Amino acid sequence: AVLLLTTALAGPLTIASKGISASVAAKNQVTAFFLAQDAVEYIRYKRDTNKLAGSLWLTGLEPCISTDGTVACIIDSTGNELIPPSSCGSLVSCSRLRYYEDAKSRFTYDSVSTPPSTASPIFLRRAVIINTLGVPTNSATEVSITINITWCDVTSGNTAITDSNCRIGSTANPHIVTVRENLLDWQ
C-alpha cells in the first residue's frame, strides 16, 4: 500500500516541481525583455530630447556608438540619479545590474543607496550597442540598436553564481535575450 501511494504521489509532485521551475524561467525572461525595452526607450528619449533642444540627435550616447557595432555600454535609467551611459567594452565585461528592494523595487547599477537584495533570483547583465551602420556618427541618419541581456539563475544547480562564471561560454550556461531595433533621425 505504501509503494502504491508513493508511486501515485511521485508523478504529480514531479509535474508541480517542473511547473514551478518553468514559471521562474518565464518570469526571468519577461524581466530581461522589459529591461531591454527600457534601454531602447531611454535611447528614444535621448534622441527626442536632443532634437527638441536643437542638438545632434545622438548627443550623450557617444560611449555606446560605433560604426561596426563592437562597442557596448551600460545605461542606468532606473537609478536614483540619471547616470550618463558609460562604455564597458563588450557584453562579457559589462557590470551586472543589481536588484534593489526599496520603494521603487528596481534593477540598477547604483551601489551607493540601499544594499542589493540577497533574495534576488537573477544575476543579470545588460549591454547596449548602437551601430551607425558604417557611417560616421555626425552624418548618421539611422542607427541599429542591439540590447543584449544575459542572466544566470542563482538557484540553478549546485554552482555558486559569480561575475566570472555567469558569462557566455561559462559553466553556468547563462540565458540570453537580444532585442534589436533601428532608430531614425526624425527631423
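These figures come from a predicted structure and were not determined experimentally.
Residues satisfying the side-chain hydrogen bond (donor to acceptor under 3.5 Å, both in side chains) criterion with T178, sequence neighbours excluded, are N148. Looking at residues two or more places apart in sequence or on another chain, you find no salt bridge (Lys or Arg N to Asp or Glu O under 4.0 Å) involving R180. Taking the side chain to side chain contact (heavy atoms under 4.5 Å, CB included) definition, one finds that S17 meets it with nothing, sequence neighbours left out. With sequence neighbours left out, the salt bridge (Lys or Arg N to Asp or Glu O under 4.0 Å) criterion links D48 to no other residue. By the side chain to side chain contact (heavy atoms under 4.5 Å, CB included) test, F34 pairs with V30, sequence neighbours left out. Every residue was checked against the salt bridge (Lys or Arg N to Asp or Glu O under 4.0 Å) condition with E142, not counting sequence neighbours, and none meets it.
Annotation for A127 and A72: closest pair CB-CB, 4.0 Å, computed over non-hydrogen atoms. Across C94 and I74, no two heavy atoms sit closer than the pair CB-CG2, 4.0 Å.
Looking at heavy atoms from C-beta onward, I43 lies in side-chain contact with I75 at the 4.5 angstrom threshold. Inter-residue side-chain proximity for Y42 and P85 is flagged as met; some heavy-atom pair is nearer than 4.5 Å.
Rounding to the nearest 0.5 Å places CG of L58 at 8.0 Å from CG of L56. Atom CD1 of I149 sits about 10.5 Å away from atom CD of Q37, to the nearest 0.5 Å. Distance check, rounded to the nearest 0.5 Å: CD1 of I145 to CG of L183 gives 4.5 Å. Summarising the geometry, atom NE2 belonging to H175 is positioned 11.0 Å from atom CG belonging to L124; distances are rounded to the nearest 0.5 Å. Distance check: W151 CH2 to N28 CG gives 6.5 Å after rounding to the nearest 0.5 Å. Remark: E181 CD to E41 CD distance equals 7.5 Å, nearest 0.5 Å.
A side-chain donor-acceptor contact under 3.5 Å links S23 to the backbone of I20. At least one donor-acceptor pair closer than 3.5 Å links the side chain of W57 to the backbone N or O of A140. For T59 (side chain) and S55 (main-chain N/O), no donor-acceptor pair under 3.5 Å exists by modelled atom type.
I129 and V71 fall into different hydrophobic clusters, where Ile, Leu, Val, Met, Phe, Trp and Tyr residues are linked whenever their side-chain heavy atoms come under 4.5 Å apart, directly or through other members. Follow the hydrophobic side-chain contacts under 4.5 Å out from V143 and you never reach V135; the two are in separate clusters.
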Would you give me the side-chain donor-acceptor pairs under 3.5 Å for residues 61-68, sequence neighbours excluded?
unit_1, atom_1, unit_2, atom_2, d
E62, OE1, G60, N, 2.8
E62, OE2, G60, N, 3.4
S66, OG, D68, OD1, 3.4
S66, OG, G69, N, 2.9
S66, OG, T70, N, 3.1
D68, OD1, T70, N, 3.3
D68, OD1, T70, OG1, 2.8
D68, OD2, T70, OG1, 3.4

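Between R47 and D185 no salt bridge is recorded (no basic side-chain N to carboxylate O distance below 4.0 Å).
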